[in-house]
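Residue numbers run from 1 in the order of the sequence given.
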Amino acid sequence: METTKLRVNRKRLLDTINVSSSIGTLENGGLNRLALTEEDKEMRNIFVQWLQDEKLEVRYDDFGNIYGRRKGKRNDCPAVAVGSHLDTQPCGGRFDGVLGVLTALEVIRTLNENNIETDYPIEIVNFTNEEGARFEPPMLGSGGVVGEFTKDFIYSAKDNEDISFQEALLKIQYMGEEKHRLRNIKNFIELHVEQGPILENMNKLIGIVEGIQGISWLNVKVVGETNHAGPTPMENRKDALAPSAKMVTKVYEITKEMEGLKTTVGKLNVKPNITNVIPGEVEFMIDVRHEDDEVRAIAIDRLREQLSTIAVMNNVEVTISTDWHSDTVLFSSNVMDAINEAADLLGYSKARLFSGPGHDAKYISKIADTGMIFLPSINGISHNEKELTLEDDIEKGANVLLYTILKLAMTQ
């Protein structure tokens with residue numbers, strides 16, 4: 001069969017997605033399949049069986065990452081890896097992460113039924129705890145593989161019930177060996193729903209992801225003086241909340257002035273948080289994102305300066321510290337070119353864009369040439385039961401993934 005005529009099996013792919021959608025199902029059609037829970041175990045068991053049905057070599061590592069290896073003609077050479085994650089948010093959608101694993105499986109099925117042997121091996125991956133909804137931070141499985149996190153750090157992470165990652169991994173019986181970690185790969189490709197409105201707004205089908213935006217989390221602590229709300233005159237107060245409100249407003253004013261900058265104040269704590277007591281302390285977090293690290297650094301400097309000025313003018317103290325940051329990751333031009341070529345071959349519209357959220361591809365880019373394929377998210381909704389990517393788009397995205405893998409897994 002001419003490879004240019006290859007297409008995935010739409011019905012089989014959708015049936016596979018429907019099986020996934022039946023595990024951890026919520027009332028409104030979403031999924032609650034947190035990492036290393038019984039629901040995750042059930043999905044893992046089915047996934048492993050699917051890999052075995054395709055005669056793949058199945059293994060899992062000491063972080064519970066699952067791999068299915070399809071041999072190539074040059075089996076000693078680095079593999080082309082493809083995948084994502086099967087865990088979800090507590091009220092997550094049916095597609096986030098899941099599509100990246102199950103479309104990869106469909107690609108393998110398509111290659112097998114057409115007796116196509118690639119030069120390089122192909123490895124499907126399901127990474128553990130990408131979402132970080134049960135164990136923080138997110139992307140522990142992929143981060144562990146590349147040494148971003150130590151084994152002790154990952155194993156000691158605990159959920160809200162004080163259960164450790166290690167305990168949960170042992171309980172579901174997916175504790176593998178360190179020697180089975182993902183190594184010796186030439187490429188990694190991750191298909192994912194966009195989780196934003198850009199492709200839909202541009203009326204484009206395929207997103208060729210150029211990289212992942214840099215992120216900084218700033219902790220802002222404003223200290224005034226706690227006092228009684230009744231007898232304390234307004235002019236004698238050192239209310240920490242009023243200037244904090246001005247600071248939040250200033251954050252968004254600065255954001256509007258800098259193209260491409262994204263900021264979010266999503267967490268705020270007021271002390272003592274009592275109706276008739278003047279707040280003496282306020283702490284809030286600012287999430288700052290931009291695809292250009294230099295622009296993000298300039299934005300942070302401006303935020304520090306402007307928020308400090310507001311504190312001085314309102315007779316309160318402010319401390320601004322960086323809780324966490326991650327620099328922008330740029331993906332491989334070779335992989336982007338392969339995705340672009342696949343979209344052109346199939347006649348699908350496309351656009352290049354950056355990812356706002358982090359993904360497993362972010363960490364795997366440390367050890368291999370990496371790229372991502374985005375599919376449109378209706379109304380840009382994700383991490384929500386209403387998350388939706390259309391069946392036609394899923395089929396077409398799987399076909400782009402198929403040809404991207406063929407391009408990368410054949411001798412070049």
Side-chain angles (χ1 to χ4, degrees), residues 89-91 131-138 153 156-162 213-328 356-358 383-384:
Q89 290 286 331
C91 295
E131 292 290 2
R134 184 180 182 191
F135 300 102
E136 294 183 345
F153 176 83
S156 63
K158 293 188 176 182
D159 66 9
N160 291 333
E161 296 179 356
D162 208 36
Q213 291 179 359
I215 307 171
S216 294
W217 286 354
L218 303 182
N219 180 278
V220 182
K221 186 175 182 179
V222 181
V223 178
E225 185 175 82
T226 301
N227 214 332
H228 197 298
T232 310
M234 297 301 290
E235 62 270 18
N236 294 119
R237 299 185 179 201
K238 294 179 68 176
D239 185 337
L241 182 56
S244 295
K246 294 177 183 178
M247 291 179 188
V248 172
T249 300
K250 179 58 69 174
V251 168
Y252 293 117
E253 288 177 358
I254 292 173
T255 303
K256 290 179 181 179
E257 296 168 2
M258 303 185 71
E259 185 177 357
L261 184 67
K262 299 186 182 79
T263 60
T264 304
V265 178
K267 182 179 181 181
L268 185 145
N269 294 310
V270 180
K271 295 180 181 179
N273 204 30
I274 297 171
T275 302
N276 61 347
V277 178
I278 298 166
E281 183 178 304
V282 174
E283 194 167 2
F284 61 93
M285 296 288 295
I286 311 173
D287 180 306
V288 185
R289 305 190 187 214
H290 200 280
E291 62 195 50
D292 186 321
D293 288 334
E294 185 176 349
V295 174
R296 179 166 50 90
I298 292 170
I300 290 170
D301 287 343
R302 289 189 61 186
L303 287 168
R304 290 180 184 277
E305 178 186 355
Q306 293 295 315
L307 301 194
S308 296
T309 299
I310 291 172
V312 170
M313 294 178 65
N314 288 271
N315 197 28
V316 295
E317 297 178 2
V318 65
T319 303
I320 304 171
S321 57
T322 301
D323 264 24
W324 176 76
H325 86 277
S326 176
D327 288 341
T328 294
H383 285 189
N384 186 312

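- In this structure the side chain of Asp323 never reaches within 4.5 angstrom of the side chain of Leu218, judged on heavy atoms.
- Within the structure, the salt bridge (charged side-chain N to carboxylate O under 4.0 Å, His left out) test picks out the following pairs touching residues 267-276 (sequence neighbours left out): Lys271-Glu281.
- To the nearest 0.5 Å, atom CG of residue Leu307 and atom OG1 of residue Thr309 are 8.5 Å apart.
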side-chain contact (heavy atoms from CB on, under 4.5 Å) assessment of Ile215 paired with His325: CA-CA 5 Å; Ile215 307 171; His325 86 277; over 6 Å; no
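- Between Lys250 and Glu253 there is a salt bridge, since at least one side-chain N of the basic residue sits less than 4.0 Å from a carboxylate O of the acidic one.
- Counting heavy atoms from C-beta outward, Trp324 and Ser216 have side chains that stay 4.5 Å or more apart.
- When only modelled atom types and interatomic distance are considered, Gln213 and Glu291 share no side-chain donor-acceptor pair under 3.5 Å.
- For Glu161, the CD atom sits in a loose shell: 12 or fewer heavy atoms of surrounding residues, nucleotides or ligands are nearer than 6.0 Å.
- A salt bridge links Asp293 with Arg296; the closest basic N to acidic carboxylate O contact falls under 4.0 Å.
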side-chain contact (heavy atoms from CB on, under 4.5 Å) evaluation trace for Asn314 with Lys246: CA-CA 10 Å; Asn314 288 271; Lys246 294 177 183 178; 3.1 Å; yes
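- Rounded to the nearest 0.5 Å, atoms CG (Asp239) and CE (Met234) are 7.0 Å apart.
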Could you walk me through whether Gln306 and Met247 pass side-chain contact (heavy atoms from CB on, under 4.5 Å), step by step? CA-CA 8 Å; Gln306 293 295 315; Met247 291 179 188; over 6 Å; no
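- Between Pro272 and Thr226, some side-chain heavy-atom pair lies under the 4.5 Å cut-off.
- Summarising the geometry, atom CG belonging to Asn219 is positioned 9.5 Å from atom OG1 belonging to Thr322; distances are rounded to the nearest 0.5 Å.
- In this structure, Met258 and Arg302 have side chains that are in contact, with non-hydrogen atoms separated by less than 4.5 Å.
- Shown here for Ala157 and Phe135, the closest heavy-atom pair between the two residues is O-CD2, 3.5 Å.
- Between Gly224 and Val316, the closest heavy-atom pair is CA-CG1, 4.0 Å.
- Formation of a donor-acceptor pair under 3.5 Å by the Arg289 side chain with backbone atoms of Leu261 is not found in this model.
- Across Ile278 and Ala229, no two heavy atoms sit closer than the pair CG1-CA, 4.1 Å.
- The side chain to side chain contact (heavy atoms under 4.5 Å, CB included) test with Val220 singles out one residue from Val248, Ile286, Val251, Thr319, and that residue is Ile286.
- For Gly214 against Thr328, the heavy-atom pair with the smallest separation is N-OG1, 2.9 Å.
- The two atoms that bring Thr263 and Tyr252 nearest to each other are O-CE2, 3.5 Å, heavy atoms only.
- Considering only heavy atoms from C-beta on, Trp217 stays 4.5 Å or farther from Ser321 through its side chain.
- Between atom OG1 of residue Thr255 and atom NE2 of residue His290 there is a gap of 10.5 Å, rounded to the nearest 0.5 Å.
- Here the shortest heavy-atom pairing between Arg304 and Ser308 reads O-OG, 2.7 Å.
- Side chains of Glu317 and Lys221 form no contact here, defined as non-hydrogen atoms less than 4.5 Å apart.
- Residues Met285 and Val265 fail the side-chain proximity criterion, which asks for heavy atoms closer than 4.5 Å.
- A 4.5 Å side-chain heavy-atom check between Ile298 and Glu294 finds at least one atom pair inside the cut-off.
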Go through the steps to decide whether Val282 and Asn269 satisfy the test side-chain contact (heavy atoms from CB on, under 4.5 Å), and finish with yes or no. CA-CA 6 Å; Val282 174; Asn269 294 310; over 6 Å; no
